[in-house]
Q: 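Structure in structure tokens, see below.
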Amino acid sequence: MAACERGGRDYLERHGIPELLRRLSALLLYHQPERPRQFLIQVLERVKAGRQGEGGYPCLMDESNLVAMFQMLDVADLGYITPVQYREGQSTPNGNQLSTDNLHIGDDVNITLDTFKEEVKKRLLEIWAAY
């Protein structure tokens with residue numbers, strides 16, 4: 001690999017551009033807007049507003065998606081999952097992972113649906129806030 005190409009890749013990685021493009025692509029595929037460029041502009045404006053504390057970040061998951069995720073992890077229908085289940089549930093097949101580094105729950109504490117939703121939303125906000 002040429003030094004120029006390596007430098008370009010390093011630059012893109014350092015600024016999180018590949019991950020940003022993956023997230024924007026996922027939003028495009030999910031919503032399939034008639035005017036994709038206008039849609040992307042609106043998404044980036046939402047990201048900017050979110051960073052300034054003036055609104056929420058774009059998200060593919062709504063309440064029903066979070067409930068479904070929780071229910072998939074709570075296979076015994078106990079009404080809670082363990083932190084180990086939570087961590088395993090944050091890994092996705094394409095290799096993306098929501099960080100669990102700042103999970104403020106001990107390994108001996110059960111995670112309820114409300115806590116699960118709160119933690120996942122926090123992680124998603126942290127991801128978008130990086131841009």
Q: Quick one: pull up CZ in Arg46 and CD1 in Ile41 and give me the separation to the nearest 0.5 Å.
A: 15.0 Å
Q: What distance separates Leu44 CG from Leu27 CG, expressed to the nearest 0.5 Å?
A: 9.5 Å
Q: Would you mind reporting whether Arg23 and Trp128 have side-chain heavy atoms less than 4.5 Å apart?
A: yes
Q: Search all heavy atoms of Tyr80 against all heavy atoms of Asn110 and return the closest pair with its distance.
A: CD1-CG, 3.2 Å
Q: May I ask you to say whether Glu126 pairs ionically with Lys121, meaning some side-chain N is under 4.0 Å from a carboxylate O?
A: no
Q: Roughly how far apart are Met69 CE and Leu113 CG, rounded to 0.5 Å?
A: 11.0 Å
Q: Tell me whether Met72 shares a hydrophobic cluster with Leu78, the cluster being built from Ile, Leu, Val, Met, Phe, Trp, Tyr side chains joined at under 4.5 Å.
A: no
Q: Would you call Asp74 and Gln85 a side-chain contact if the rule is heavy atoms closer than 4.5 Å?
A: no
Q: Using a strict threshold of under 4.0 Å (side-chain N to carboxylate O), is an ion pair present between Glu13 and Arg9?
A: no
Q: Could you tell me whether the side chain of Thr115 and the main chain of Ile111 form a donor-acceptor pair under 3.5 Å?
A: no
Q: Ring-plane angle category for Tyr86 and Phe116, please: parallel below 30°, perpendicular beyond 60°, tilted otherwise.
A: perpendicular
Q: For Glu34, does the CD atom sit with more than 12 other heavy atoms under 6.0 Å from it, leaving out its own atoms?
A: no
Q: Mind checking the CD-OG spacing from Gln71 to Ser64? Nearest 0.5 Å is all I need.
A: 10.0 Å
Q: How far apart are the closest heavy atoms of Leu28 and Pro33, and which atoms are they?
A: O-CD, 3.7 Å
Q: Using a 4.5 Å cut-off on heavy atoms from C-beta on, say whether the side chain of Arg35 contacts that of Phe39.
A: no
Q: Let me confirm one number: the CG-CD1 distance from Leu20 to Ile127, rounded to the nearest 0.5 Å.
A: 12.0 Å
Q: So which heavy atom on Leu66 is nearest to which on Val120, and how close?
A: CD2-CG1, 3.5 Å
Q: Does Glu19 come within less than 4.0 Å of Arg22, counting only side-chain N to carboxylate O?
A: yes
Q: Is there a path of hydrophobic side-chain contacts, each under 4.5 Å between heavy atoms of I/L/V/M/F/W/Y residues, joining Tyr30 to Leu24?
A: yes
Q: I'd like to know if Arg123 and Glu119 make a salt bridge, using a cut-off of under 4.0 Å between side-chain N and carboxylate O.
A: yes
